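See structure below.
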There are 2 protein chains.
Amino acid sequence: MDGIDRALLAALQADATQAYADLGKAVGLSAGSAHERVRKLRERGVIRRTAVDVDPAAVDRGVLAFVMLQANVWMGDPPTRDALAAIPEIQEAHIIAGSASLLVKIRASTPEHLQGVLRRVFDVEGVTGTQTIVVLETFFERPLDISDPDAAG
Amino acid sequence: MDGIDRALLAALQADATQAYADLGKAVGLSAGSAHERVRKLRERGVIRRTAVDVDPAAVDRGVLAFVMLQANVWMGDPPTRDALAAIPEIQEAHIIAGSASLLVKIRASTPEHLQGVLRRVFDVEGVTGTQTIVVLETFFERPLDISDPDAAG
DNA sequence: TCTGAAAAAGCTGAGTT
DNA sequence: AACTCAGCTTTTTCAGA
């Protein structure tokens, strides 16, 4: 994981459709070498997958909310995970430190739809309370910063 | 935006590297037709980009936190947006309803690094307080659910 | 709007430095 | 580890239905 690998990852986060010849040119490598490095990054799991980024509003998921869940039992186990994963509108679920137990990110079509999702979340075993944060506007959602935190700059 | 488009989007979210011939087979279309539909989805902005998904831990961004920002002025304007965008560790920034003003998602390498980022966030014009939620474990982060909310099921 | 096929482009492996 | 080259697959275009 040197500077070239980081540059490749940054370029592929911006546009994974570009040709290896161009990718190589951007980092000072031949197409073959760029290809070999990317292959290894995939093999090592640094690159998990290649996917399209879909505009949520275009598929009727324009309502975004974060919900903090309070619980009366430990919720860090598979049954809780599976119960949350079974709700398709939940895009992320995290165990958190602090006064709540879990934080989930939800995308719904309308406030009414969101309400229905919240009801299902509330019915998950162990949940004793929810605090919902509705997003009014998203400033930005962008790829992970790839720069080396140890490097100067 | 019919069922076939939704199926294409779901398939491309799972794996955008597959050939159009396979993609077409999966949705009952020829390679040419699948290609044409995907081209239009890109053109219309439904597909915003194609990108690799990088494992944060592999690039030394294993610490995840959500931070709610209190403010004494309206923070929904470009200067605030730009000030937050200038902090590379901030992956998402949202204007929210409720007692805080903004919610940001931060990825750092260590708790010390996170602390440094929080200091920079606190220095953003208008910020009067922060509440930090540290993630202990991520259950899942997955693509947007593409199913039609109006459809039965 | 889809199909099928031809032309163009890019991927990917083998051999070499 | 990276480069070059060549065969092969895939993309992308286009005429026809």
Side-chain angles (χ1 to χ4, degrees), chain A residues 1-55 57-61 143-144 146-153, chain B residues 1-55 57-61 143-144 146-153:
Chain A
M1 175 59 59
D2 58 9
I4 293 180
D5 280 342
R6 287 182 184 273
L8 286 170
L9 291 173
L12 289 171
Q13 278 191 331
D15 179 12
T17 67
Q18 61 192 306
Y20 282 114
D22 295 338
L23 204 54
K25 205 172 295 177
V27 303
L29 245 50
S30 71
S33 297
H35 178 255
E36 176 66 5
R37 281 201 180 234
V38 173
R39 191 192 63 74
K40 283 179 183 165
L41 286 168
R42 285 185 204 280
E43 189 180 64
R44 280 156 49 201
V46 176
I47 295 174
R48 294 194 282 209
R49 67 202 169 93
T50 302
V52 298
D53 173 33
V54 175
D55 178 7
V59 292
D60 206 3
R61 288 291 190 286
L144 187 59
I146 300 287
S147 66
D148 188 346
D150 296 335
Chain B
M1 175 60 59
D2 58 8
I4 293 180
D5 280 342
R6 287 182 184 273
L8 286 170
L9 291 173
L12 288 171
Q13 279 191 331
D15 179 12
T17 67
Q18 60 192 308
Y20 284 112
D22 295 338
L23 204 53
K25 205 171 297 175
V27 303
L29 245 52
S30 71
S33 296
H35 179 254
E36 176 67 6
R37 281 198 180 236
V38 173
R39 192 191 63 73
K40 283 179 183 164
L41 286 168
R42 284 184 205 280
E43 189 180 64
R44 279 157 48 202
V46 176
I47 295 175
R48 296 194 282 209
R49 67 201 169 92
T50 302
V52 297
D53 173 34
V54 175
D55 178 7
V59 291
D60 206 3
R61 288 291 191 289
L144 187 60
I146 300 287
S147 66
D148 189 345
D150 296 334

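Below, all heavy atoms of this structure are taken into account, side chains as well, without hydrogens, waters or symmetry copies. Note that the structure is predicted; figures quoted are calculated from it, not measured.
Not a single donor-acceptor pair under 3.5 Å links the side chain of A:Gln13 to the backbone N or O of A:Leu8. Looking at A:Glu43, its side chain never comes within 3.5 Å of a backbone N or O of A:Val38 through a donor-acceptor pair. Side chain of A:Arg6 to backbone of A:Ile146: a donor-acceptor contact under 3.5 angstrom is found.
Taken over five-pair windows at either terminus, the axes of the helix from C:dT1-D:dA17 to C:dT17-D:dA1 are inclined to one another by 30° (rounded to 10 degrees).
A:Thr17 and B:Arg49 share no donor-acceptor pair across their side chains, judged by distance under 3.5 Å alone.
Distance, B:Leu23 CG to C:dT3 P: 13 Å, rounded to whole Å. Here C:dC2 presents its C1' atom at 17 Å from NZ of B:Lys25, a figure rounded to the nearest Å. For the pair B:Arg37 CZ and C:dT1 P, the computed distance is 8 Å after rounding to whole Å. Look at CD on B:Glu43: it is 12 Å from P on C:dT1, rounded to the nearest Å.
Between A:Asp150 and B:Asp60 the shortest side-chain heavy-atom distance falls below 4.5 Å.
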ask   = Would B:Arg37 and B:Asp2 count as a salt bridge (charged side-chain N to carboxylate O under 4.0 Å, His left out) if you check the C-alpha gap in whole Å, the side-chain angles of each, and the deciding distance to 0.1 Å?
value = CA-CA 11 Å; B:Arg37 281 198 180 236; B:Asp2 58 8; 2.9 Å; yes

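Considering only the side chain of B:Ser30, C:dT3 comes nearest among C:dT1, C:dT3, D:dC3. Each of C:dT1, C:dT3, D:dA2 was ranked by its minimum atom distance to the side chain of B:Lys40; first place goes to C:dT1.
Of all heavy-atom pairs between A:Gly45 and B:Asp55, the closest is O-CB, 3.6 Å.
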Going 5' to 3' through nucleotides 7-17 of chain C and flagging B where a protein heavy-atom sits under 4.0 Å of the base, S where only the sugar-phosphate is that close, and - otherwise, we get ----SS-----

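For D:dC3, one of the phosphate oxygens OP1 or OP2 lies less than 4.0 angstrom from a side-chain nitrogen or oxygen of A:Ser33.
Screening residues 12-36 of chain A for salt bridge (charged side-chain N to carboxylate O under 4.0 Å, His left out) gives A:Glu36-A:Arg39, A:Glu36-A:Lys40 as the qualifying pairs, with residues at least two apart or on separate chains.
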